[in-house]
Amino acid sequence: MSESPSCLVVFCTCPNRDIGERLAREAVEKRLVACVNMVPGVISIYEWEGQVVHEEEVLLVAKTTRETFAELEILWNKLHPYELPEVIAVPIEAGSEPYLQWIDGIVSR
C-alpha cells in the first residue's frame, strides 16, 4: 500500500445514465480521468431554491489527479445540464501502488 497525495476520487451526480455516460466518456477520451464508475439508482434528497427535492440520479465516481482536476471540473460543468452540478474531489490517502501508478500514467499522457 502506498500514499498518494496526487490522486483524487471525484464525485458527480447526473440526472440519468445517458448524461452520466457522456460525461464519463468525454473525460476518459480527453485523459482527464483514468476510470469512471457509474452507480445507478442513487437517491438524492436536497434543498434547492427553497424546496426539498427528492431525485433518482446516477453517481459518477472518477479517478484522477490533482493536476487534471481543474480541467475536469471545467469540462463537466460545461457539459452538465444542472445549473449547479456536484463536482467534488476527495484525496486518495493510500491505495495499491500499481493502481495509483496506472491512474497517474493514464491522466499524465
Side-chain angles (χ1 to χ4, degrees):
M1 185 167 64
S2 174
E3 291 183 17
S4 176
S6 68
C7 290
L8 303 174
V9 174
V10 181
F11 299 99
C12 179
T13 50
C14 298
N16 59 53
R17 182 181 174 141
D18 290 340
I19 299 293
E21 285 184 8
R22 178 173 181 222
L23 271 64
R25 180 168 299 282
E26 289 276 341
V28 170
E29 287 176 353
K30 293 180 184 311
R31 295 195 178 276
L32 299 177
V33 300
C35 172
V36 179
N37 304 110
M38 289 183 46
V39 183
V42 172
I43 302 298
S44 297
I45 301 170
Y46 56 94
E47 184 177 325
W48 184 251
E49 297 180 342
Q51 301 289 324
V52 175
V53 180
H54 180 276
E55 297 284 343
E56 184 169 334
E57 296 180 297
V58 172
L59 176 64
L60 303 183
V61 182
K63 277 65 79 180
T64 191
T65 63
R66 288 185 189 278
E67 295 77 22
T68 58
F69 175 75
E71 195 173 345
L72 175 64
E73 180 185 20
I74 290 167
L75 175 71
W76 279 0
N77 279 320
K78 177 181 149 192
L79 298 176
H80 209 291
Y82 290 168
E83 182 180 337
L84 181 62
E86 171 191 16
V87 182
I88 57 173
V90 177
I92 298 174
E93 294 296 326
S96 164
E97 183 64 30
Y99 187 78
L100 299 175
Q101 288 176 355
W102 174 74
I103 293 170
D104 190 55
I106 293 291
V107 299
S108 64
R109 287 191 211 172

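Along the sequence shown, residues carry numbers from 1. Here the structure is a predicted model, which is why all the values come from computation and not from measurement.
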When you group the ILVMFWY residues by side-chain heavy-atom contacts below 4.5 Å and let the links chain together, are [Y] and [X] in the same group?
X: Tyr46; Y: Val52; answer: no
X: Val33; Y: Leu79; answer: yes
X: Phe11; Y: Val42; answer: yes
X: Phe69; Y: Leu84; answer: no

Considering all heavy atoms, the nearest [X]-[Y] contact:
X: Val53; Y: Trp48; value: CG2-CB, 4.1 Å
X: Cys35; Y: Trp102; value: CB-CH2, 3.9 Å
X: Trp76; Y: Leu23; value: NE1-O, 3.0 Å
X: Val58; Y: Arg17; value: CG2-N, 3.6 Å
X: Thr64; Y: Ile103; value: O-CG2, 3.7 Å
X: Thr13; Y: His80; value: O-NE2, 2.8 Å

Working for side-chain contact (heavy atoms from CB on, under 4.5 Å), residues Lys63 and Asn37: CA-CA 9 Å; Lys63 277 65 79 180; Asn37 304 110; 2.2 Å; yes

Look up atom [atom1] in [X] and atom [atom2] in [Y], then write down how far apart they are to the nearest 0.5 Å.
X: Met38; Y: Cys12; atom1: CE; atom2: SG; answer: 10.5 Å
X: Asp104; Y: Glu67; atom1: CG; atom2: CD; answer: 7.0 Å
X: Leu32; Y: Thr65; atom1: CG; atom2: OG1; answer: 9.0 Å

Heavy-atom side-chain contact between [X] and [Y] under 4.5 Å:
X: Glu73; Y: Lys78; answer: no
X: Ile19; Y: Asn16; answer: yes
X: Leu72; Y: Val10; answer: yes
X: Pro81; Y: Pro15; answer: yes

Test: Arg25 and Glu21 ion pair at under 4.0 Å: no

Pair Arg66-Leu8, side-chain contact (heavy atoms from CB on, under 4.5 Å): steps then yes or no: CA-CA 6 Å; Arg66 288 185 189 278; Leu8 303 174; 3.9 Å; yes

Polar side chain donor-acceptor pair, [X] to [Y], under 3.5 angstrom:
X: Tyr82; Y: Glu57; value: yes
X: Glu55; Y: Ser44; value: no
X: Glu47; Y: Gln51; value: no

Working for side-chain contact (heavy atoms from CB on, under 4.5 Å), residues Val61 and Val36: CA-CA 5 Å; Val61 182; Val36 179; over 6 Å; no

